[in-house]
Amino acid sequence: MFEGIKNKFSNLFKKLPAGSEIIRRDEVESTITNILLEADVDYDTAQNITQRLDRKIVKSGRKIEMELVKEYLKETINEVLGEIPPADDILNVSKKPYVILFLGINGTGKTTTISKVANYLRKNGRRVVLAASDTFRAGAIEQISILGSNLGVNVIKHTAGSDPSAVAFDAIEHAKARDIDYVLVDSAGRMQTNKNLIDEMKKIKRVAKPDLTVMVLDSMIGQDAYNQAEVFMNEIKFDSVVLTKLDTDARGGAVLTIVHQLKKPVLFLGTGQGFDDLIKFDANWYIDKIIP
Ligand SMILES: Nc1nc2c(ncn2[C@@H]2O[C@H](COP(=O)(O)OP(=O)(O)OP(=O)(O)O)[C@@H](O)[C@H]2O)c(=O)[nH]1
Ligand SMILES: [Mg+2]
């Protein structure tokens with residue numbers, strides 16, 4: 001994971017042996033900007049990071065070692081990630097059932113993520129039910145039913161084409177009647193038109209009143225992930241983001257763009273197709289992964 005960005009930073013910081021000073025500040029900074037851009041960090045965020053870094057370098061005087069630049073870079077990224085509060089701990093909630101709605105464009109990994117989150121909750125001793133609220137895509141109900149049965153988790157479903165909000169509503173009633181802790185609501189990623197999709201999401205939100213709305217974004221599409229989220233955000237409020245497919249050659253910089261531009265925390269990272277391929281996002285872990 002994050003091999004590209006990690007190797008580039010590693011090469012940059014290896015260039016000068018320990019103890020030697022950097023000679024061209026501007027060169028180091030433009031290299032860092034490029035590494036960030038190549039890792040799918042958007043231009044504004046990359047600039048913001050290098051400007052802050054520059055201020056730290058300038059402040060510490062003219063003679064500066066590469067080792068210190070690295071520490072400053074880590075510090076800067078930590079500041080960027082710390083500008084918004086981290087995502088809520090979904091294990092530590094006071095409402096029952098706690099309803100989580102998963103949104104996103106088709107194929108980003110919503111349904112797979114739901115199965116992983118269900119697995120995570122189950123492993124932590126929580127009771128879960130799934131709502132098969134993607135009633136639009138052929139095969140979606142079957143897909144989530146199979147995942148549910150493999151996990152040993154109940155799936156509330158209606159027939160294909162039925163009202164997604166009604167499915168969510170029933171799943172919540174089911175949870176209330178059976179003392180179930182969490183309802184995870186799936187949703188369609190595509191409908192006849194984008195307007196239909198957005199209207200449907202709004203309706204599910206109105207009816208299910210989710211305690212947490214999670215936007216699922218595919219890290220493989222780089223910059224577009226951010227653009228997609230922005231479109232959604234203007235229409236439907238969401239609380240946090242799950243970034244999927246980080247096990248592929250996705251470059252991982254989207255994390256910084258999401259936090260800096262969308263001002264939303266990253267809740268989980270998806271790192272594969274299996275139930276256990278889910279990592280709870282942590283800023284220090286991320287920084288250590290991208291800067292060796
Ligand atoms: N490698 C990898 N594949 C993933 C990950 N998350 C999801 N996928 C795959 O991406 C594809 C789409 O995943 P789904 O969970 O069906 O996506 P969705 O958002 O529910 O798609 P729609 O229901 O069509 O809107 C599947 O083949 C998943 O196995 C991940 O973290 N890593
Ligand atoms: Mg799906």
Let me confirm one number: the [atom1]-[atom2] distance from [X] to [Y], rounded to the nearest 0.5 Å.
| X | Y | atom1 | atom2 | result |
| --- | --- | --- | --- | --- |
| Leu184 | Lys116 | CG | NZ | 14.0 Å |
| Phe275 | Lys123 | CZ | NZ | 10.5 Å |
| Ile90 | Arg126 | CD1 | CZ | 9.0 Å |
| Leu262 | Leu217 | CG | CG | 7.5 Å |
| Thr50 | Gln47 | OG1 | CD | 5.0 Å |
| Asp163 | Thr135 | CG | OG1 | 7.5 Å |

How about [atom1] on [X], more than 12 heavy atoms from neighbouring residues, nucleotides or ligands closer than 6.0 Å, or not?
| X | atom1 | result |
| --- | --- | --- |
| Lys59 | NZ | no |
| Phe281 | CZ | yes |
| Asn78 | CG | yes |
| Lys202 | NZ | yes |
| Glu142 | CD | no |

Quick one, [X] and [Y] - any side-chain contact, counting heavy atoms below 4.5 Å?
| X | Y | result |
| --- | --- | --- |
| Ile290 | Ile77 | yes |
| Lys8 | Asn34 | no |
| Ile204 | Val185 | yes |
| Thr112 | Thr244 | no |
| Ile279 | Trp285 | yes |

If you measure from the Lys or Arg side-chain nitrogens to the Asp or Glu carboxylate oxygens, is any gap between [X] and [Y] under 4.0 Å?
| X | Y | result |
| --- | --- | --- |
| Lys6 | Glu3 | yes |
| Glu83 | Arg52 | yes |
| Lys195 | Asp199 | yes |
| Asp181 | Arg127 | no |

For [X] and [Y], work out which heavy atoms get closest and say how close.
| X | Y | value |
| --- | --- | --- |
| Asp218 | Lys245 | OD2-NZ, 3.2 Å |
| Thr76 | Lys56 | OG1-CE, 3.2 Å |
| Leu151 | Arg122 | O-NH1, 2.9 Å |
| Pro265 | Pro86 | CB-C, 3.9 Å |
| Val99 | Ala208 | CG1-O, 4.3 Å |
| Ile180 | Lys96 | O-CG, 3.8 Å |

Under the side-chain contact (heavy atoms from CB on, under 4.5 Å) criterion, do Ile57 and Glu29 qualify, and how do the steps go?
CA-CA 10 Å; Ile57 292 175; Glu29 283 162 16; 3.9 Å; yes
Could you walk me through whether Tyr182 and Val117 pass side-chain contact (heavy atoms from CB on, under 4.5 Å), step by step?
CA-CA 10 Å; Tyr182 293 84; Val117 173; over 6 Å; no
Is [Y] reachable from [X] through a run of hydrophobic residues whose side-chain heavy atoms are each under 4.5 Å from the next?
| X | Y | result |
| --- | --- | --- |
| Leu68 | Phe9 | yes |
| Leu130 | Leu267 | yes |
| Val266 | Leu278 | no |

What verdict does the side-chain contact (heavy atoms from CB on, under 4.5 Å) test give for Leu81 and Ile287, after you've listed the backbone C-alpha separation in whole Å, the side-chain angles of each residue and the deciding distance to 0.1 Å?
CA-CA 10 Å; Leu81 293 174; Ile287 293 166; 4.3 Å; yes
My understanding is that only one of Thr33, Asp54, Asp44, Leu256 makes a side chain to side chain contact (heavy atoms under 4.5 Å, CB included) with Ile49; could you say which?
Leu256
Pick from Lys110, Glu200, Lys205: which one makes a side chain to side chain contact (heavy atoms under 4.5 Å, CB included) with Ser187?
Lys110
Check whether Thr108 reaches the backbone of Val216 with its side chain - one donor and one acceptor, N or O, closer than 3.5 Å.
yes
I'd like to know if the side chain of Arg251 and the backbone of Glu38 have a donor-acceptor N/O pair within less than 3.5 Å.
yes
Taking the six-membered ring of Phe238 as reference, does the NZ or CZ atom of Lys264 fall below 6.0 Å from its centre and within a 45° cone about the axis?
yes
Tell me, with the steps shown, if Thr111 and Phe102 meet side-chain contact (heavy atoms from CB on, under 4.5 Å).
CA-CA 8 Å; Thr111 310; Phe102 294 79; over 6 Å; no
